[in-house]
Amino acid sequence: MQAPSVGGVMLPRGNGETIRLSRGASLTDFAEKINANPASLVAVMMNLGEMVTATQSVSDETLQLLADEMNYNVQIVSPEEEDRELLESFDIEFGEDEGSEEDLVVRPPVVTVMGHVDHGKTRLLDAIRKTNVIAGEAGGITQHIGAYQVATTVNGEDRAITFIDTPGHEAFTAMRARGAKSTDIAILVVAANDGVMPQTVEALNHAKAAGVPIVVAVNKIDVEGADPTKVRGQLTEYGLVAEEYGGDTMFVDISAKQGLNIDSLLEAVILTADATLDLRANPNQDAQGIAIESRLDRGRGAVATVLVQRGTLRVGDTMVVGDAYGRVRAMLDDNGQNVSEAGPSTPVQVLGLTNVPGAGDNFIVVEEDRTARQIAEKRAARERNAAFAKRTRRVSLEDLDKVLKAGEVQQLNLIIKGDASGSVEALESSLLQLDVGEEVDIRVLHRGVGAVTESDIDLAMGSDAIVIGFNVRAAGRAAQMAEREGVDVRYYSVIYQAIEEIEAALKGMLKPEFEEVELGTAEIREVFKSSKLGNIAGVIIRSGEVRRNTKARLIRDGKVVAENLTIEGLRRFKDDVTEIREGFEGGINLGNFNDIKVDDVIATYEMREKPRA
């Protein structure tokens with residue numbers, strides 16, 4: 001087969017070689033790999049029916065199409081691999097302890113609590129907190145930061161355990177999964193009166209996929225119908241065999257509500273860690289770890305909760321977290337107290353970052369601010385290119401059904417902004433899991449923490465996306481810009497309302513909600529009879545204004561006697577008018593309706609589309 005020719009110029013044709021490209025690569029990036037002119041690749045794409053510029057970020061499918069035409073294999077580098085290569089270019093190895101065996105010291109286990117809805121995960125975490133309140137501290141834990149450390153005594157030795165507090169409802173599957181990835185041990189909470197439920201199995205699968213040992217907390221042993229033995233039998237079917245049955249999984253019967261056996265559960269976690277894991281880290285290297293949660297604080301700027309996994313993080317260190325960077329201005333522990341350093345397995349809140357990182361982003365400490373800025377900028381550029389590559393066409397939820405039927409769009413593009421990165425991640429995960437058939441695809445072009453900005457509206461304009469604000473609003477001129485450009489911005493404070501509306505829109509069921517708005521009231525002072533028009537009410541406008549062709553109801557002695565009337569005629573003296581304002585007199589004709597009396601009240605109203613909260 002001959003090499004492709006464009007304008008008489010022969011293009012280099014591959015022999016099945018593999019080209020490695022990052023997400024959102026351009027035709028220029030492709031051309032560099034095969035030593036071709038980018039303009040010639042633009043012409044090739046035109047011949048294939050695709051209009052693409054040389055520097056435009058393109059989708060994985062477009063790169064694959066071009067590679068097939070040129071007889072190359074294209075390999076899209078995963079974000080994790082791309083990030084590892086980026087760090088290696090700065091001589092940084094993430095995920096490994098430096099030094100020899102002698103440099104490693106024992107660190108506390110990191111634990112995530114999982115389980116079915118209403119089986120007592122949150123109450124268990126509260127019970128663990130209460131039993132570990134620092135002596136003399138009024139009110140116990142003063143500040144919830146998404147992770148905290150507790151102390152317990154095992155065999156006469158003081159030991160610490162770090163808990164990552166991840167929400168437990170099904171919408172937060174992504175957060176639980178993220179928690180498991182940064183976790184050493186999972187506590188699986190199962191209610192003794194309910195037994196194994198669907199989300200129990202789901203949580204169990206997450207823990208197994210992450211390769212972490214499991215300790216089972218059989219909760220609610222104090223309620224009627226509790227049967228801990230039944231729970232042990234059920235979990236045997238899923239490979240969790242209790243120690244008393246000859247297995248290696250520790251089961252602890254507890255009551256989070258009564259505070260029963262909480263110490264035994266903590267002891268089981270320590271014993272499981274000692275028996276199955278080698279939990280050691282080097283505290284003397286540059287700190288590395290993971291961001292658990294982050295948010296934008298009005299007074300303090302970007303605030304990130306990070307879990308140090310190795311090394312020691314100190315105030316004044318320069319760190320990179322995802323595409324955010326900065327010098328650590330201050331650190332707070334889970335009691336809200338300032339700390340100067342944090343060792344392995346210690347969660348702290350960090351202040352001083354340039355922007356809000358994503359939940360689950362890795363963090364590293366580097367020597368120079370310049371290095372941190374370069375790494376963050378390259379990560380941000382990579383994410384931006386990937387987002388641009390996903391762009392397509394603008395649509396609102398109301399007309400989505402119409403557009404889909406016309407075959408004009410096959411996917412719904414979304415931009416998600418929220419108050420905390422965990423919430424945004426959970427909302428994105430839930431939306432992407434919606435089952436809406438093969439006709440339409442949901443694609444999240446961008447997600448972030450903070451108010452809806454002009455750049456979000458810009459991206460929505462270029463890609464015909466719908467902007468979702470979760471517990472945040474449009475900032476500055478973004479609201480006017482969205483209204484001017486016709487970008488659909490939706491605000492939600494309940495995650496399931498957002499999920500339900502998007503799902504309803506995708507299934508063509510979302511209809512605008514209308515509410516009744518009162519326009520004005522008119523009191524009848526006199527009734528005039530007309531052979532041509534019927535009865536005419538001589539009125540004075542008591543409130544608001546009365547407009548022609550609006551809906552009305554007639555009220556007599558405080559009771560509604562007629563509904564769904566129309567103001568068909570409106571006069572002031574001998575002139576027909578379109579409206580009469582408060583305090584003025586006039587004449588009203590209600591069409592064929594003639595049952596009117598002096599002192600009756602005509603209330604006018606209209607139905608307006610209700611803005612969604």
Side-chain angles (χ1 to χ4, degrees), residues 394 396-399 402 451-452 457 466-467 469 473-493 497 501 505 510-613:
R394 198 156 60 237
S396 73
L397 285 188
E398 271 78 18
D399 63 10
K402 202 166 31 181
V452 177
I457 304 301
I466 292 168
V467 182
R473 312 293 290 185
R477 294 195 300 267
Q480 293 97 316
M481 184 177 175
E483 189 174 347
R484 185 176 66 247
E485 299 295 341
V487 174
D488 193 5
V489 184
R490 301 260 161 174
Y491 301 112
Y492 300 97
S493 56
Q497 186 185 359
E501 284 205 3
L510 187 65
K511 299 290 184 290
E513 291 181 11
F514 290 89
E515 61 182 351
E516 183 180 299
V517 178
E518 185 176 282
L519 298 177
T521 58
E523 181 185 326
I524 299 178
R525 290 285 188 84
E526 203 168 340
V527 178
F528 302 97
K529 297 187 184 293
S530 165
S531 58
K532 184 179 178 183
L533 299 173
N535 289 348
I536 297 173
V539 302
I540 181 169
I541 311 303
R542 289 299 187 194
S543 65
E545 62 182 29
V546 174
R547 295 204 295 260
R548 190 192 298 164
N549 296 328
T550 54
K551 291 292 181 185
R553 58 173 60 94
L554 191 72
I555 301 169
R556 183 174 298 157
D557 299 327
K559 296 178 182 177
V560 177
V561 295
E563 276 276 11
N564 205 27
L565 306 174
T566 303
I567 307 291
E568 293 194 1
L570 200 60
R571 294 176 74 102
R572 266 191 52 75
F573 302 109
K574 294 182 179 180
D575 300 322
D576 284 325
V577 293
T578 56
E579 65 179 31
I580 304 177
R581 298 183 179 277
E582 182 179 339
F584 291 95
E585 296 179 339
I588 293 177
N589 173 236
L590 296 174
N592 294 327
F593 186 82
N594 292 310
D595 181 18
I596 56 176
K597 297 180 180 179
V598 174
D599 294 329
D600 285 357
V601 174
I602 299 172
T604 65
Y605 62 93
E606 68 179 5
M607 303 301 291
R608 289 183 190 165
E609 187 175 343
K610 185 179 178 182
R612 295 180 182 270

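This chain uses plain numbering: 1 for the first residue, then up along the sequence.
- No donor-acceptor distance shorter than 3.5 angstrom exists from the side chain of Arg548 to the backbone of Ile567, with no hydrogens or angles considered.
- If you take CD on Glu582 and OG1 on Thr521, they are separated by 8.0 Å, rounding to the nearest 0.5 Å.
- Taking all atoms of both residues into account, the shortest heavy-atom contact from Glu501 to Tyr492 is OE1-OH, 2.8 Å.
- With sequence neighbours left out, the salt bridge (Lys or Arg N to Asp or Glu O under 4.0 Å) criterion links Asp599 to no other residue.
- At most 12 heavy atoms of other shown residues, nucleotides or ligands fall within 6.0 angstrom of atom CZ in Arg477.
- One N or O on the side chain of Arg571 and one on the backbone of Lys574 form a donor-acceptor pair closer than 3.5 Å.
- Taking all atoms of both residues into account, the shortest heavy-atom contact from Val452 to Gly469 is CG2-CA, 4.5 Å.
- Judged as a side chain to side chain donor-acceptor pair (under 3.5 Å), and not counting sequence neighbours, the contacts of Asn564 are Lys551.
- Surrounding CD of Glu483 are at most 12 heavy atoms belonging to other residues, nucleotides or ligands under 6.0 Å away.
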Would you give me the side-chain donor-acceptor pairs under 3.5 Å for residues 583-593, sequence neighbours excluded?
{"unit_1": "Asn589", "atom_1": "OD1", "unit_2": "Gly591", "atom_2": "N", "d": "3.4"}
{"unit_1": "Asn589", "atom_1": "ND2", "unit_2": "Leu533", "atom_2": "O", "d": "3.3"}

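- Expressed to the nearest 0.5 Å, how far CG of Leu570 lies from OG1 of Thr550 amounts to 8.5 Å.
- In this structure, OG1 on Thr604 lies 11.5 Å from CG on Leu565, to the nearest 0.5 angstrom.
- Rounding to the nearest 0.5 angstrom, the gap separating the CG atom in Asn535 from the CD1 atom in Ile596 is 5.0 Å.
- Qualifying side chain to side chain donor-acceptor pair (under 3.5 Å) partners for Arg542, counting only residues two or more places apart in sequence or in other chains: Glu523.
- Formation of a donor-acceptor pair under 3.5 Å by the Ser530 side chain with backbone atoms of Lys532 is found in this model.
- Glu545 is linked by a salt bridge (Lys or Arg N to Asp or Glu O under 4.0 Å) to Arg547, Arg581, counting only residues two or more places apart in sequence or in another chain.
- Here the closest heavy-atom approach between residue Asp600 and residue Arg556 is recorded as OD2-NH2, 2.8 Å.
- Open room surrounds CG on Asp557; 12 or fewer heavy atoms of other groups in view lie less than 6.0 Å from it.
- Scored by the salt bridge (Lys or Arg N to Asp or Glu O under 4.0 Å) test, Arg553 finds Glu516, Glu563 as partners (sequence neighbours excluded).
- When every heavy atom of Ile457 is checked against every heavy atom of Ala478, the shortest pair comes out as CG1-O, 3.8 Å.
- Nearest approach of Gly538 to Phe528, heavy atoms of both residues: CA-CE1, 3.9 Å.
- How far CD1 of Ile602 is from CG of Leu554: 6.0 Å, rounded to the nearest 0.5 Å.
- Under a 3.5 Å cut-off, the side chain of Asp488 and the backbone N or O of Ile466 do not form any donor-acceptor pair.
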